[in-house]
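Each chain gets a letter, A, B and so on, in the order the sequences are listed, and its residues count up from 1. All values reported here derive from a predicted model rather than from experimental measurement.
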Amino acid sequence: MPEGPQMVFLKEQLEPFIGQVVLKATGSAKNIPYASMQNQVLTSIKTFGKELLFCFPDFTIRIHLMLFGKYAINEELNRVLRLGLAFEGGSINFYACDCRFISEPLNQVYDWSTDVLHPSFDPDKALAKLYRKPKKLICEALLDQDILAGVGNGIKNDVLFRMQIHPESLVGEIPEAALQKLVQACVKLSTEYLDWKREGTAGNHWQAYKQPTCPRDYIPFRKQKIGPSGRTSYFCDKCQQLYLPDTI
DNA sequence: GGTTATGTTATTTC
DNA sequence: AGAAATAACATAAC
């Protein structure tokens with residue numbers, strides 16, 4: 001259930017709990033100080049990329065939904081509870097997710113300017129980090145959370161389609177202007193995606209991801225696992241340009 | 001039973 | 001040493 005925009009949306013759903021005191025923390029997640037969380041005030045909730053951060057006065061609990069994570073607000077799901085937080089005004093339950101305890105100050109742990117949806121996101125820094133990996137496939141580089149935190153496989157596919165760049169292009173071969181636009185597109189699509197979540201707009205907004213046909217050329221998208229990570233890409237050979245080294 | 005999937009991380013390999 | 005590939009983990013649906 002991840003991708004940055006969904007996590008920001010989840011954070012917004014949970015904001016009513018801010019200021020409330022934990023009545024009880026339960027679950028099967030390891031390294032969580034269940035007992036000492038009791039009576040702690042939830043100071044704030046933040047996100048970093050696909051991570052959700054519950055901030056308490058002296059520590060933070062980090063939730064990552066990974067691939068299969070589920071959550072329920074004011075209800076319970078019929079599966080193994082990983083972390084449940086009971087407040088006066090309701091409860092939050094997480095399942096099949098990664099939970100961690102963070103004792104360091106968050107500014108020491110996170111570089112917020114890496115997060116595509118954070119106000120301090122720094123596109124120039126992202127561009128520089130991308131060019132530091134010139135031999136990587138662009139479809140792999142876009143998923144690097146140290147470069148573009150919050151971008152997932154859906155955003156990756158649609159951004160490449162929108163900017164008409166072939167997923168197998170090498171980062172170092174993409175002209176700077178095009179790569180710059182690609183970074184901008186990550187921000188724009190993530191923001192749009194968040195707006196769709198907020199508006200509760202029905203239907204599908206993906207142009208390429210999980211789609212059968214290219215809306216520009218009306219030919220079937222190619223669906224293929226690309227690169228060492230093997231994440232699936234949806235792309236159109238006709239309208240997405242492949243940037244590779246000149247072979248002479 | 002096998003495959004697939006909005007993901008990360010620990011371990012191994014080069 | 002450090003980058004890159006591989007394995008591992010988690011879970012439901014088709």
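- Nearest to the side chain of A/Ala96, among C/dA10, C/dA12, B/dT8, sits C/dA10.
- Rounded to whole angstrom, the span from the CG atom of A/Leu67 across to the P atom of C/dT11 amounts to 11 Å.
- When side chains are defined from C-beta on, A/Lys133 counts as touching A/Asp144, because their heavy atoms get closer than 4.5 Å.
- When distances run from any side-chain atom of A/Arg79 to the nucleotides B/dT6, B/dT8, C/dA12, the shortest one goes to C/dA12.
- As a whole-Å value, the separation of A/Tyr193 OH from B/dT6 C1' is 6 Å.
- Residue A/Lys223 places its side chain closer to B/dA5 than to any other of C/dT11, B/dT6, B/dA5.
- No more than 12 heavy-atom neighbours from other residues, nucleotides or ligands sit within 6.0 angstrom of CD on A/Glu76.
- Across the protein-nucleic acid pair, A/Ile63 atom CD1 and B/dT8 atom P stand 15 Å apart, rounded to whole Å.
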| request: Give DNA chain C the dot-bracket treatment, 5' to 3': Watson-Crick (N1-N3 with N6-O4 or O6-N4) or G-U (N1-O2, O6-N3) under 3.5 Å, [ ] crossing, | other strand. | output: .||||||||.||||
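- What separates CD of A/Gln6 from C1' of B/dA5 is a distance of 13 Å, to the nearest Å.
- Checked for salt-bridge contact, A/Asp146 and A/Lys129 miss the test: no charged N lies under 4.0 Å from a carboxylate O.
- Ranking B/dT9, B/dT6, C/dA10 by closeness to the A/Phe68 side chain, first place goes to C/dA10.
- For A/Lys225, the listed nucleotide lying nearest its side chain is B/dT4; candidates were C/dT11, B/dT8, B/dT4.
- Ring pair A/His118/A/Trp112 is parallel by interplanar angle, where below 30° counts as parallel and above 60° as perpendicular.
- Across all strands, A/Ser229 comes closer than 4.0 Å to no nucleic acid atom at all (heavy-atom distances).
- In this structure, the side chain of A/Tyr110 does not engage the main chain of A/Phe48 through any donor-acceptor pair within 3.5 Å.
- Regarding contacts with the backbone of C/dT11, every side-chain N or O of A/Lys70 stays at 4.0 angstrom or more from both OP1 and OP2.
- The shortest distance between the side-chain N/O atoms of A/Arg100 and the OP1/OP2 oxygens of B/dT9 is below 4.0 Å.
- One interatomic measurement links the two molecules: NZ of A/Lys30 to P of C/dA10, which rounds to 9 Å at whole-angstrom precision.
- Counting non-hydrogen atoms under 4.0 angstrom, A/Lys210 reaches a base of the nucleic acid.
- Here the P atom of nucleotide B/dT4 and the OH atom of A/Tyr209 are 14 Å apart, to the nearest Å.
- Within the structure, every side-chain polar atom (N or O) of A/Tyr95 is placed at least 4.0 Å from both OP1 and OP2 of C/dT11.
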Under 3.5 Å, which donor-acceptor pairs do the side chains of residues 29-38 of chain A form with other protein atoms, sequence neighbours left out?
unit_1	atom_1	unit_2	atom_2	d
A/Tyr34	OH	A/Gly27	O	3.3
A/Tyr34	OH	A/Ala29	N	2.9
A/Tyr34	OH	A/Ala29	O	2.5
A/Ser36	OG	A/Pro33	O	3.2
A/Gln38	NE2	A/Leu23	O	3.0

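- Computed from coordinates, the A/Leu170 CG to C/dA4 P distance equals 12 Å when rounded to whole Å.
- Counting only heavy atoms from C-beta outward, the side chains of A/Leu170 and A/Leu137 approach each other to under 4.5 Å.
- Near DNA chain B, meaning a heavy atom under 4.0 Å away, the residues from residues 128-163 of chain A are A/Gln145, A/Gly152, A/Asn153.
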